There are 2 protein chains.
Amino acid sequence: MKILLADDDEQLQRALRITLGARGYEVIAARDGAEAIDLAATTHPDLILLDLGMPKVEGVDVIRAVRAWSKVPILVLSGRTDSAEKVDALDAGADDYVTKPFAMDELLARIRARARAAPGDEGDAAEVAIGDLTVDLVAKTIRSSAGGGSKGRAAAASVRLTPTEWRLLELFLKNPGKLLTRQMLLGEVWGPYHANDAGYLRLYVAQLRRKLEPTPSEPRYFLTEPGMGYRFEP
Amino acid sequence: MKILLADDDEQLQRALRITLGARGYEVIAARDGAEAIDLAATTHPDLILLDLGMPKVEGVDVIRAVRAWSKVPILVLSGRTDSAEKVDALDAGADDYVTKPFAMDELLARIRARARAAPGDEGDAAEVAIGDLTVDLVAKTIRSSAGGGSKGRAAAASVRLTPTEWRLLELFLKNPGKLLTRQMLLGEVWGPYHANDAGYLRLYVAQLRRKLEPTPSEPRYFLTEPGMGYRFEP
DNA sequence: GGTGATCCTCACGGTTCCCTAACGGGCCGC
DNA sequence: GCGGCCCGTTAGGGAACCGTGAGGATCACC
């Protein structure tokens with residue numbers, strides 16, 4: 001359970017880091033809005049604790065930027081008690097709003113509530129079949145489904161994906177049949193600032209096809225939707 | 001959007017009923033905990049507004065009883081500010097906790113946040129039927145509803161829409177039965193600067209008809225309103 | 001310091017899509 | 001009957017997009 005902690009208050013950040021760490025959460029720290037957006041994209045946290053009023057990027061803009069490509073729960077911390085600010089943050093996509101000062105056990109309970117609602121990543125069916133290959137998302141392995149023991153090992157050795165390829169493949173396999181827009185794919189894999197560089201995608205989709213499709217020149221599983229994006233069809 | 005309002009405070013209940021009703025929510029009222037559990041089971045609300053400290057059944061027990069069989073979002077209202085009570089309610093399964101007195105616009109924003117996170121139990125409202133075809137607006141797919149196995153696959157494969165056609169179709173499907181003027185359609189699809197170029201529309205409406213209507217020459221779903229615009233009739 | 005893998009940039013054909021233009025048919029007023 | 005208006009249809013050019021290959025930049029590891 002990774003939590004992205006975005007707060008510029010040194011003292012509060014240390015206290016939260018210790019408390020959350022003791023509860024078994026893995027804490028990633030960001031000190032301004034830009035860093036928060038960046039880390040949200042690169043580390044894929046399971047929850048974001050966001051302090052409004054950080055330097056560089058306005059808090060509501062951080063929420064909007066993250067929501068443009070991710071549904072990760074966002075819990076806002078703020079010293080402001082205006083209901084207008086709460087409404088803005090919640091409508092921008094935040095899931096909860098806590099005003100400082102707050103009781104630590106209440107914050108922890110709200111974190112648990114958000115984590116509970118979040119779709120469990122390590123749910124079921126970590127294995128997906130693509131043609132003659134079987135992909136295991138948790139073990140990060142690909143083996144040949146067709147019976148043979150030694151042959152299977154040999155095939156597994158021949159199909160190896162790079163980290164970026166795994167991130168991309170994970171997105172496809174978790175959204176079978178659905179259209180994934182370029183914007184969404186680029187945001188999830190490379191971060192929100194590269195949402196316009198379409199060149200990356202073509203290259204890595206081509207590599208996935210070359211490694212996973214039976215006939216890469218005529219894709220059957222990783223389909224192109226011209227002008228919109230790509231689609232994984234099981 | 002149905003909201004189950006469980007509150008024994010007569011005055012607050014009336015105020016909430018009026019406010020929520022004005023926002024387009026359908027309000028179901030319960031006056032004690034037992035009635036709340038009962039109505040939650042029989043009416044299947046989309047969200048529960050629950051006041052702690054109602055007679056007959058303890059608030060936290062209501063939460064547990066509902067959570068035993070449903071994941072409907074529960075938003076707790078309470079006059080108690082103890083963090084211990086908040087923790088109990090949240091850990092029992094509540095999704096949010098608001099202390100009275102509260103600002104009405106904040107409550108509404110929190111309701112929107114909870115409603116946003118709940119994508120509906122199973123029936124995706126994103127699917128619309130047009131004749132023998134079923135359109136899924138989020139997955140951007142069109143498949144044949146009629147059972148036929150191989151024929152269905154073939155039809156699904158043959159119906160592919162371009163990005164502009166999807167934008168236009170989305171407008172029609174989101175405004176069923178309503179007249180859409182040329183001005184409105186052109187502005188939404190091609191931007192505000194092309195509001196007078198009527199040529200685009202004829203072309204793309206024709207393509208939608210050719211791809212979706214059973215008999216494109218005699219439209220049944222995408223109707224022309226001469227001199228004004230078009231209308232989608234489900 | 002060398003080596004290998006990974007990631008990104010750049011440039012080049014092929015395909016798809018979008019828009020322009022022109023033509024035919026139904027409806028209305030004259 | 002006749003001409004104008006609006007709608008439906010078809011064909012074609014230009015632009016954007018996609019697939020592919022080669023090569024440099026960066027980093028981990030030996």
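Below, all heavy atoms of this structure are taken into account, side chains as well, without hydrogens, waters or symmetry copies. As the structure is a computational prediction, the values presented were derived from the model and not from experiment. In what follows, chains are A, B, ... by sequence order, proteins preceding strands, each numbered from 1.
When atom types are taken as modelled, the side chain of A/Arg17 and the backbone of A/Leu5 share no donor-acceptor pair closer than 3.5 angstrom. Side-chain N or O atoms of A/Asp95 include one that pairs as donor or acceptor with a backbone N or O of A/Ile74 at under 3.5 Å.
If you check D/dG21, C/dC18, D/dC7 against the side chain of B/Arg202, the one that comes closest is D/dC7. Nearest nucleotide to the side chain of B/Arg160, out of D/dT20, D/dC17, C/dC17: C/dC17. The side chain of A/Leu203 has C/dC8 as its nearest neighbour among C/dC8, C/dC19, C/dC17. Listed nucleotides C/dC8, C/dT20, D/dG8 differ in distance to A/Tyr200; the shortest reach to its side chain belongs to C/dC8.
Side-chain contact check for A/Phe172 versus A/Leu185: some heavy-atom pair is nearer than 4.5 Å. You'll find the side chain of A/Lys211 stays beyond 4.5 Å of the side chain of A/Leu133, heavy atoms only. Between A/Ile111 and A/Tyr25, the closest side-chain pair of non-hydrogen atoms falls below 4.5 Å. At a threshold of 4.5 Å between non-hydrogen side-chain atoms, the residues B/Phe222 and B/Leu212 count as touching.
With respect to A/Glu106 and A/Arg110, a salt bridge is recorded, a charged nitrogen being found less than 4.0 Å from a carboxylate O.
Using a 4.0 Å heavy-atom cutoff across all strands shown, B/Gly227 reaches sugar-phosphate atoms only and no base atom.
Environment of CD in B/Glu233: crowded, with over 12 heavy atoms of neighbouring residues, nucleotides or ligands closer than 6.0 Å. More than 12 heavy atoms of other shown residues, nucleotides or ligands fall within 6.0 angstrom of atom NZ in A/Lys100. No more than 12 heavy atoms of other residues, nucleotides or ligands lie within 6.0 Å of CZ in A/Arg220, so this atom counts as exposed by the packing criterion. Summarising the local packing, NZ of B/Lys174 is surrounded by 12 or fewer heavy atoms from other residues, nucleotides or ligands at distances under 6.0 Å.
Residue B/Arg182 places none of its side-chain N or O atoms closer than 4.0 Å to OP1 or OP2 of D/dC6. Under 4.0 angstrom from either OP1 or OP2 of C/dT6 there lies no side-chain N or O belonging to A/Tyr204. Contact annotation: B/Trp190 side-chain N/O to C/dC18 OP1/OP2 distance is not under 4.0 Å.
Across residues 207-223 of chain B, not one residue has a non-hydrogen atom less than 4.0 Å from an atom of DNA chain C. Taken residue by residue, residues 161-170 of chain B places heavy atoms nearer than 4.0 Å to DNA chain C at B/Thr162, B/Pro163, B/Thr164.
When the P atom of D/dC7 is taken as reference, atom CZ of B/Arg231 falls 15 Å away, rounded to whole Å. When rounded to the nearest whole Å, the span between CD of A/Glu225 and C1' of C/dT16 equals 12 Å. Rounded to a whole Å, the CG atom of A/Leu186 is 11 Å from the P atom of D/dC18. Atoms CE (B/Met228) and P (D/dC6) sit 14 Å apart, rounded to a whole Å. The distance from atom CG of A/Leu201 to atom C1' of C/dC10 is 17 Å, rounded to the nearest whole Å.
Expressed to the nearest 0.5 Å, how far CG of A/Leu180 lies from CG of A/Leu201 amounts to 10.0 Å.
With the end axes of the helix from C/dG1-D/dC30 to C/dC30-D/dG1 each set by five pairs, the angle from one to the other reads 30° at 10° resolution.
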